[in-house]
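Below: the structure, in structure tokens.
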Amino acid sequence: DDGCQCVKKTSAQVGCEALGGGWRLPYQKELMQAYIDGSWGNLSSADSQYWSATTFSDYTHGAWSTILYRGETGYTAKTGALIMARCVR
């Protein structure tokens with residue numbers, strides 16, 4: 001779990017790529033799968049809102065985000081600052 005925590009309060013796209021080694025933002029579907037299968041319970045800060053790599057179709061300047069413990073999704077401008085990132089590989 002330590003290796004996959006890339007937590008920033010700025011635009012997350014740069015954060016995961018900066019780790020190298022194939023780290024990336026998860027897609028919205030992957031974040032929702034963590035909610036569905038309950039694996040979110042193994043993660044710290046599951047009550048935070050996390051960026052996904054999935055762009056919002058009607059607003060290409062926005063991306064989907066998910067609150068893991070509730071399975072709640074929404075979209076925010078990609079420049080939004082108060083959303084966290086959890087990198088995966």
Side-chain angles (χ1 to χ4, degrees):
D1 193 344
D2 293 338
C4 73
Q5 291 186 39
C6 168
V7 178
K8 297 181 64 160
K9 291 190 176 184
T10 61
S11 178
Q13 286 88 358
V14 176
C16 293
E17 293 170 1
L19 293 175
W23 290 102
R24 63 174 177 80
L25 279 176
Y27 295 105
Q28 188 226 8
K29 183 177 180 178
E30 293 172 307
L31 291 172
M32 287 306 299
Q33 187 62 47
Y35 169 73
I36 291 166
D37 67 22
S39 62
W40 65 268
N42 298 322
L43 305 173
S44 59
S45 302
D47 60 340
S48 297
Q49 189 172 7
Y50 286 92
W51 283 114
S52 82
T54 307
T55 297
F56 188 71
S57 61
D58 291 345
Y59 177 58
T60 58
H61 296 295
W64 285 100
S65 60
T66 301
I67 299 173
L68 293 174
Y69 85 103
R70 289 194 302 208
E72 182 179 313
T73 63
Y75 67 94
T76 304
K78 292 179 182 178
T79 57
L82 296 177
I83 299 177
M84 300 175 98
R86 178 171 294 276
C87 302
V88 297
R89 61 176 167 180

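What you see is a predicted model, and the numbers here were worked out from it, not measured in a lab. Numbering of residues begins at 1 and proceeds along the displayed sequence.
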I need the minimum non-hydrogen distance between L31 and S52, along with the two atoms involved.
CD1-CB, 3.8 Å

Go through the structure and list residues passing side-chain hydrogen bond (donor to acceptor under 3.5 Å, both in side chains) with Q28, not counting sequence neighbours.
none

Could you check Y35 against I67 for side chain to side chain contact (heavy atoms under 4.5 Å, CB included), going step by step and ending with a plain yes or no?
CA-CA 9 Å; Y35 169 73; I67 299 173; over 6 Å; no

Minimum-distance pair of heavy atoms, taken over all atoms of Y59 and A77
OH-CB, 3.7 Å

Residues 28-57 vs salt bridge (charged side-chain N to carboxylate O under 4.0 Å, His left out), sequence neighbours excluded, gives R24-E30

Residues at least two apart in sequence or cross-chain that pass side-chain hydrogen bond (donor to acceptor under 3.5 Å, both in side chains) with S65, listed by chain then number, are Q49

Is there side-chain contact between Y50 and L68, with heavy atoms separated by less than 4.5 Å?
yes

Considering residues at least two apart in sequence or located in another chain, which fulfil the side-chain contact (heavy atoms from CB on, under 4.5 Å) criterion with T55?
T60, K78

Taking ring pair (Phe, Tyr, Trp, His ring centres under 6.0 Å) as the test, write out the residues that go with F56, two or more places apart.
W64, Y75

W23 side, atom CH2; R86 side, atom CZ - distance, nearest 0.5 Å:
10.0 Å

Of all pairs that satisfy salt bridge (charged side-chain N to carboxylate O under 4.0 Å, His left out), the ones with a partner from residues 49-73, not counting sequence neighbours
R70-E72

How long is the straight-line distance from OG1 of T66 back to OH of Y27, given to the nearest 0.5 Å?
14.5 Å

